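This report concerns only the one structure given below.
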Amino acid sequence: MDWRIFNHHRMLYNCKIKNMFMKKILISLILLIPFAINAQNAQSEIIAKINATVSKISTMKCDFVQTKHLKMLNNKMTSNGVMLYKQSDKLRWEYKSPYSYTFVLNGSKVYLTKGDRKDVIDIKQNKIFKEIAQIMMNSVTGRCLTDTGVFNVQIKETSTHWIATLYPQKKTMKQMFTKIIINFKKQNALINSVEMHEKNGDFTIIELQNVELNKSINDNAFVN
Amino acid sequence: MFMNSWMINAQELTFPNDSINRVCYTMQIDINKAYVSGVLILVKDGNIIKSSMINEFGLSMMDFIYNLQKDKVELKYVTKALNKWYIKRLLKKDLKEIMHIMQTGGTEYDNSKRKLKYYFNLLVQ
């Protein structure tokens, strides 16, 4: 009989411990809610500051350095070029070295130039190019931060930068990237770099340099 | 003698070896009227050549290993569009031929049966 009473007391004791533990967990979670809300508010404020800057950009011109880190090869590949952007749907992405390649987005058309070869693609009829065009346009302008259906966004802050990590939500984008990290300089709320991580462990960092804003750019730069 | 040594050096540069263990090519694959293009990077690691093909934006298209001793290609990663068993089987065969051609300084391979044409040009970095 004694061992049954002992087991009964032990059960009661374990239940009491579990209840105390659960209470502590619940209280901790309740206390954390204001922090979670504050973090969300802080993120919204940062996004608002970035959007305020982006809305004032009518044109952007910069140099870029693209470094591809190849996991399997334990090696990297660097290319350089020039980017032109004109509000709201014109983008020219021109690689100058070590290869020559130009990608121009103008409305719903993509113009590709590689050597003597020129191609025109209608992004309304090509899902992959539509996704690439959207990523490029929205990444260089920072508009991707408010694409809630497209990305789950988390923002961290350092003394000099805001670092936004974007997790793709759509299937097509998920097939290309596991995450995209965009680095903004706090000083001017402009994009400093974009880092794209792929499923095979490779990642590409694009650094924007010598940024010039709101200078005149001829529309001829956005045709084939 | 000077010309011969220049020719030998030019040939060495087309494929990684113990003195220059990394070589890059621009690559284009013509498939009927469409094409896929990018950069092919080859790195020698002992008896194997590790290789990655990326597009101009840096997006990975495929990773493969070529075993010099066994003369065999092993695909390690292919992008979703190429991830079909019949495409991978074709790629393995064609990449093996391309490895042979690159070692002799060639710049193209024509798989006329499948209507695929590969062009590759040395990339000077």
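Given the structure is predicted, the values throughout are model-derived calculations rather than measurements. Convention: sequence-line order gives letters A, B, ...; per-chain numbering from 1.
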note = Among B:E56, B:Q28, B:K50, the residue with the most heavy-atom pairs under 4.5 Å to chain A is B:E56
query = If we only count heavy atoms from C-beta on, is the B:V43 to A:L70 side-chain gap below 4.5 Å?
reply = no
query = Which atoms of B:I54 come close to chain A, meaning under 4.5 Å heavy atom to heavy atom: side chain ones, backbone ones, both, or neither?
reply = side chain
key: Residue selection (most heavy-atom pairs with chain B, distance under 4.5 Å) from A:D119, A:N74, A:L73   = A:L73
ask   = Could you state the interatomic distance from CZ (B:F57) to CZ (A:F103), rounded to the nearest 0.5 Å?
value = 5.0 Å
message = Any non-hydrogen side-chain atom of B:R22 less than 4.5 Å from a side-chain atom of A:M77?
response = yes
inquiry  = So if I take each residue of residues 162-193 of chain A and look for any heavy atom under 4.5 Å from a heavy atom in chain B, which residues do I end up with?
reply    = A:Q175, A:M176, A:F177
ask   = Counting only heavy atoms not in A:K90, do more than 12 fall under 6.0 Å of its NZ?
value = yes
request  = Calculate, to the nearest 0.5 Å, the distance between atoms CZ and OG belonging to A:R117 and B:S37 respectively.
outcome  = 8.5 Å
query = Given that the side chain runs from C-beta out, which part of A:K114 has a heavy atom under 4.5 Å from chain B: side chain, backbone, both or neither?
reply = side chain
key: From B:S52 atom OG to A:M72 atom CE, the distance as rounded to the nearest 0.5 Å   = 4.5 Å
ask   = Between B:S60 and A:K68, do the side chains contain an N or O donor and an N or O acceptor separated by less than 3.5 Å?
value = yes
query = Just how far is it from atom CG of B:N21 to atom CG of A:N75, taken to the nearest 0.5 Å?
reply = 7.5 Å
query = Highest number of heavy-atom pairs under 4.5 Å with chain A: which of B:L59, B:T79, B:I65, B:T26?
reply = B:L59
